[in-house]
Amino acid sequence: MEFLNLDKPTPKRSEAPDSTTPKLETKPNVPSQPSSNKPNRRMRPNLNILKNKKPITLAISVVITLTIAIISIMSASNAPSQEVTAPDYQTIIPLGKTVNELGGWKRVSPLKSDPVFAYTDSIDGATISVSEQPLPRAFIEDVDLEVSNLAKQYNATDILTVGAVKVYVGTSSEGPQSVIFTKNNLLILIKSKIAIPNDDWSKYIASLR
């Protein structure tokens with residue numbers, strides 16, 4: 001049995017290099033530079049995409065234009081009809097006068113109802129308002145009866161006969177009058193602020209042509 005000598009240090013064993021492990025060589029850290037032979041693809045734009053953008057943009061513009069046109073047409077078709085500012089039916093005025101001399105026609109009916117137009121005139125200094133509208137369909141079967149019923153609503157119980165026209169006249173206690181009759185297939189209502197003699201009413205109604 002062999003004992004180790006404690007007085008002398010134990011010599012280190014020499015290690016032989018491992019032939020299986022390759023020896024790595026260190027190289028200096030040199031920054032890589034792009035090859036001058038190959039173009040940088042990240043910096044170069046794709047020409048095919050740029051070429052295709054113009055047709056796509058044109059197509060989008062056409063679609064937007066057509067959409068706006070369709071919306072405009074639909075809006076126009078759904079929009080309410082324009083306000084009627086003048087009668088679109090045959091009217092009558094005093095012989096020898098023009099509508100312009102009478103101040104023009106003015107609509108006196110609501111927009112959503114059948115149009116009724118009126119003009120302003122005077123009889124011997126008394127201001128009157130003359131409104132005209134086509135004879136309502138409900139009046140056609142019995143015109144005399146319907147006009148009579150309407151006259152009662154205005155308390156127009158006095159009757160004047162002007163040619164073939166039956167005129168209903170109503171006078172309030174304060175003086176204003178309402179005159180109702182039909183002529184030339186028109187339903188006519190005349191209002192005055194003061195009482196007017198029947199003869200003057202008859203002359204005026206006879207002058208309406």
Student: How long is the straight-line distance from OG of S172 back to NZ of K193, given to the nearest 0.5 Å?
Tutor: 13.0 Å
Student: Step through the shown structure and confirm whether more than 12 heavy atoms of other residues, nucleotides or ligands are within 6.0 Å of NZ on K152.
Tutor: no
Student: Can you get from Y168 to V116 by hopping between Ile, Leu, Val, Met, Phe, Trp and Tyr side chains that sit under 4.5 Å apart?
Tutor: no
Student: If you apply the rule side chain to side chain donor-acceptor pair (under 3.5 Å), what do you find for S178 with K191, and how did you get there?
Tutor: CA-CA 5 Å; S178 298; K191 284 185 169 293; 3.0 Å; yes
Student: At what distance, to the nearest 0.5 angstrom, does CD1 of I180 lie from CG of L187?
Tutor: 7.5 Å
Student: Against W201, only a single residue in V167, V162, D158, I128 fulfils side-chain contact (heavy atoms from CB on, under 4.5 Å); can you say which?
Tutor: I128
Student: Atom CD of Q177 and atom CG of N155: how far apart are they, to the nearest 0.5 Å?
Tutor: 13.0 Å
Student: As an exercise, state the distance from CG of L208 to CG of N184, rounded to the nearest 0.5 Å.
Tutor: 9.0 Å
Student: For the atom pair OG (S131) and CD1 (I188), what is the distance rounded to the nearest 0.5 Å?
Tutor: 8.5 Å
Student: List the steps and the verdict of side chain to side chain contact (heavy atoms under 4.5 Å, CB included) for V169 and L160.
Tutor: CA-CA 7 Å; V169 181; L160 301 177; 3.8 Å; yes
Student: Any sub-3.5 Å donor-acceptor pair from S192's side-chain atoms to A195's backbone N or O?
Tutor: no
Student: My understanding is that only residues two or more places apart in sequence, or in another chain, count here; which of them pass ring pair (Phe, Tyr, Trp, His ring centres under 6.0 Å) with Y119?
Tutor: W105
Student: Can you confirm whether S129 sits close enough to I190 that some side-chain heavy atom of one is under 4.5 Å from a side-chain heavy atom of the other?
Tutor: no
Student: Apply the test side chain to side chain contact (heavy atoms under 4.5 Å, CB included) to residues L189 and V179: give CA-CA distance (whole Å), side-chain angles for both, the deciding distance (0.1 Å), then the verdict.
Tutor: CA-CA 6 Å; L189 170 63; V179 179; over 6 Å; no
Student: Is there a path from V130 to L150 through hydrophobic residues (I, L, V, M, F, W, Y) whose side chains come within less than 4.5 Å of each other?
Tutor: no
Student: With rounding to the nearest 0.5 angstrom, report the CZ to CG distance, F117 to D88.
Tutor: 7.0 Å
Student: Report yes if some heavy atom in the side chain of R107 is under 4.5 Å from a heavy atom in the side chain of T85; otherwise report no.
Tutor: no
Student: May I have the list of side-chain donor-acceptor pairs in residues 132-147 shorter than 3.5 Å, sequence neighbours left out?
Tutor:
residue	atom	partner	partner atom	Å
E132	OE1	I92	N	3.2
D142	OD1	L145	N	3.2

Student: Between the side chains of N185 and Y89, does any donor sit under 3.5 Å from an acceptor?
Tutor: no
